[in-house]
Amino acid sequence: MPWLFLLLAIAAFAIAMATSSLALAVVCILAALALLAIWVMGLLAQRVGSQSRDDTMMIDPQELRRLREQAEARRANERVAASGEAPPP
């Protein structure tokens with residue numbers, strides 16, 4: 001869809017260059033600049049949309065809490081192993 005705006009902008013520039021009316025040329029150039037801006041924004045929107053993560057891949061709060069507890073237990077075991085003490089029950 002953004003490519004349609006680029007084609008319309010090119011057509012507006014062509015009309016602006018071919019016309020002998022100053023008012024029509026100004027209107028066509030303004031329209032072409034607006035269409036170019038819309039084209040760039042559309043390309044950026046597509047790029048951002050294609051790089052966003054899938055919402056279904058997000059971790060729910062229970063899974064996040066479980067992962068934190070595992071990491072905390074792992075760190076506690078590493079501290080105990082580094083200090084040479086017996087692990088807590």
Side-chain angles (χ1 to χ4, degrees):
M1 184 69 178
W3 296 105
L4 180 63
F5 292 117
L6 179 62
L7 292 175
L8 290 172
I10 291 171
F13 272 128
I15 292 170
M17 295 300 157
T19 188
S20 61
S21 170
L22 182 62
L24 182 60
V26 169
V27 169
C28 286
I29 289 176
L30 290 175
L33 290 175
L35 288 167
L36 279 174
I38 293 171
W39 173 65
V40 169
M41 295 301 284
L43 286 179
L44 291 174
Q46 279 184 351
R47 178 167 290 188
V48 168
S50 69
Q51 293 181 353
S52 64
R53 287 190 277 173
D54 187 15
D55 290 341
T56 60
M57 300 301 290
M58 295 177 75
I59 298 176
D60 63 339
Q62 291 84 12
E63 180 71 15
L64 186 61
R65 184 174 19 85
R66 188 182 65 78
L67 290 172
R68 282 183 182 153
E69 289 171 356
Q70 285 179 351
E72 185 179 316
R74 191 178 325 115
R75 275 183 292 209
N77 286 338
E78 288 173 0
R79 272 190 250 120
V80 168
S83 67
E85 297 176 6

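- Residues Leu24 and Val26 do not share a hydrophobic cluster, clusters being chains of Ile/Leu/Val/Met/Phe/Trp/Tyr side chains in contact below 4.5 Å.
- Atom CD of Glu72 is surrounded by 12 or fewer heavy atoms from other residues, nucleotides or ligands within 6.0 Å.
- Both Phe13 and Leu4 belong to a common hydrophobic cluster when Ile, Leu, Val, Met, Phe, Trp and Tyr are linked at side-chain heavy-atom distances under 4.5 angstrom.
- Side-chain heavy atoms closer than 4.5 Å link hydrophobic residues (I, L, V, M, F, W, Y) into clusters, and following such links, even through other members, never connects Ile29 to Leu22.
- Put simply, Val27 and Phe5 are part of two different groups of oily side chains (I, L, V, M, F, W, Y) that touch within less than 4.5 Å, one to the next.
- Ion pairing between a basic and an acidic side chain is recognised when a charged N comes within 4.0 Å of a carboxylate O; Arg66 and Glu63 show such pairing.
- Every side-chain contact (heavy atoms from CB on, under 4.5 Å) that Leu64 has, sequence neighbours left out, goes to Ile59, Arg68.
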Using residues 31-49 as the side-chain source, report each donor-acceptor pair under 3.5 Å to any protein atom, sequence neighbours left out, with the distance given to one decimal.
none

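- Side-chain atoms of Ser83 come within 3.5 Å of backbone N or O of Arg79 as a donor-acceptor pair.
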